[in-house]
There are 2 protein chains.
Amino acid sequence: MKPAVAALGALAQDTRLSIFRALVRAHSSNEGEGGLAAGEIGETLSVAPATLSFHLKELAHAGLVNSRREGRSIVYKADVAAMKALMDYLLKDCCRGTCGEAIDATPNRKEYA
Amino acid sequence: MKPAVAALGALAQDTRLSIFRALVRAHSSNEGEGGLAAGEIGETLSVAPATLSFHLKELAHAGLVNSRREGRSIVYKADVAAMKALMDYLLKDCCRGTCGEAIDATPNRKEYA
DNA sequence: TTCATATTTCGACAAATATAGAAATATAGG
DNA sequence: CCTATATTTCTATATTTGTCGAAATATGAA
């Protein structure tokens, strides 16, 4: 499977998209900093441990998150570079190259919540 | 389900992503122009009629394509505005707002084929 | 070592997805 | 009206996905 399809599939699920968005919010550009422990994510989003682990593995397998152990916790962190690569791909190949330009100026544009 | 998740799910499949990309290539900004007949898509991508119909319905249900009848054919067309909305959402909420800026200048960036 | 905490893996299951042959529907042309 | 073409719907089937209780693993603390 193409990596872009894997990344899209990883984000195409309510719980996983919420997880990823939470990780992006908690992101830090510094190595070894930022991110959220699995437990924190599960508590915030009310997801059972086994279910959460399943979704985190999906995101990791798609290359959108990575993890490090910190004491008893495992801290997950969004891979912003991977997300950039996905955006770049979509922009170039799936959008006629127009999606990056003047989005806010487009009349009658649709918007997702 | 959130519309963004629906759109991501529609694109998160090899055949459907190929269909959508073909439709973007064949796009025209003019109303009632551009797009590809279902048969053309099926022939180009070697997808059986029933399978193709299934995938086109998925894309249409997610709002990423629309269609018009033209004689015996049904012509499908990418909804570029919907794709823009998806990109906008991802850019704002899933990327720390950095994915639209200087993508090509980013060192060691990842890239999807 | 023993105990508590944090997370993953295992096993089972229901639901959703992808595929495609066959039948049904819609349109155009003779 | 009859026939050919284009596409969808129906039906069935195999595969994948999402969920979660229970057991296993890893770490830190007493």
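Throughout, protein chains are lettered first and strands after them, A, B, ... in sequence-line order, and every chain is numbered starting at 1. Model, not experiment: these values are computed from the prediction.
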Could you tell me how far apart A/D14 (CG) and C/dA15 (P) are, to the nearest whole angstrom? 18 Å
Phosphate-side-chain proximity, A/K57 and C/dT9, N/O vs OP1/OP2 below 4.0 Å: yes
Show me the pairs that pass side-chain hydrogen bond (donor to acceptor under 3.5 Å, both in side chains) and involve residues 34-46 of chain B, at least two apart or across chains. none
What pair of heavy atoms forms the shortest contact from A/G34 to A/V75, and how long is it? O-CG1, 3.7 Å
According to a strict under-4.0 Å criterion, is B/S73 in side-chain N/O contact with OP1 or OP2 of C/dT27? no
Can you name the side chain to side chain contact (heavy atoms under 4.5 Å, CB included) partners of B/R72, sequence neighbours left out? none
Are B/R25 and B/L36 close enough that some pair of their side-chain heavy atoms sits under 4.5 Å apart? no
In whole Å, I'd like the distance from the CG atom of B/L11 to the P atom of C/dT17. 15 Å
Under 4.0 Å: is that the gap between some side-chain N or O of A/Y76 and OP1 or OP2 of C/dT8? yes
Nearest whole angstrom, please: distance from the P of C/dT7 to the CD1 of A/I19. 13 Å
Heavy-atom closest pair, residues B/M87 and A/L90: SD-CB, 3.7 Å
Please examine the side chains of B/V24 and B/V80, heavy atoms only from C-beta on, and report whether any two atoms are closer than 4.5 Å. no
Write out a two-atom table: protein N or O, nucleotide N or O from nucleotides 2-5 of chain C, distance below 3.5 Å.
residue, atom, partner, partner atom, Å
C/dT5, O4', A/R72, NH1, 3.3

B/L23/B/I41 under side chain to side chain contact (heavy atoms under 4.5 Å, CB included): CA gap, chis, key distance, verdict: CA-CA 9 Å; B/L23 291 178; B/I41 302 170; 3.9 Å; yes
Which atoms form the tightest heavy-atom contact between A/S67 and A/I74, and what is the distance? CB-CG2, 3.8 Å
By a strict heavy-atom criterion of less than 4.0 Å, which residues belonging to residues 36-46 of chain A are in contact with DNA chain C? A/A37, A/A38, A/G39
Inter-residue atom distance B/L86.CG - B/L91.CG, 0.5 Å rounding: 10.5 Å
Find the distance A/E70:CD to D/dT27:C1' and express it as a whole number of Å. 13 Å
Rounding to a whole Å, what distance do you find between B/L17:CG and C/dA18:C1'? 16 Å
When the distance from CZ of A/R68 to P of D/dT27 is rounded to whole Å, what number comes out? 16 Å
Take nucleotides 11-22 of chain D nucleotide by nucleotide from the 5' end and write B, S or -, depending on whether a protein heavy atom sits under 4.0 Å from the base, only from the sugar-phosphate, or from neither. -------BBBB-
Tell me the interatomic distance from B/L56, atom CG, to C/dA20, atom C1', rounded to whole angstroms. 15 Å
Considering only distance and modelled atom types, tabulate donor-acceptor pairs under 3.5 Å from the side chains of residues 1-19 of chain A, sequence neighbours left out.
residue, atom, partner, partner atom, Å
A/Q13, OE1, A/T15, N, 2.8
A/Q13, OE1, A/R16, N, 3.1
A/R16, NE, A/A10, O, 2.7
A/R16, NH1, A/H55, ND1, 3.1
A/R16, NH2, A/G9, O, 3.2
A/S18, OG, A/D14, O, 3.0

Nearest heavy-atom pair of A/A38 and A/L52: which atoms, and what distance? O-CD2, 3.1 Å
Expressed in angstrom and rounded to an integer, what is the separation of B/I74 atom CD1 from C/dA26 atom C1'? 8 Å
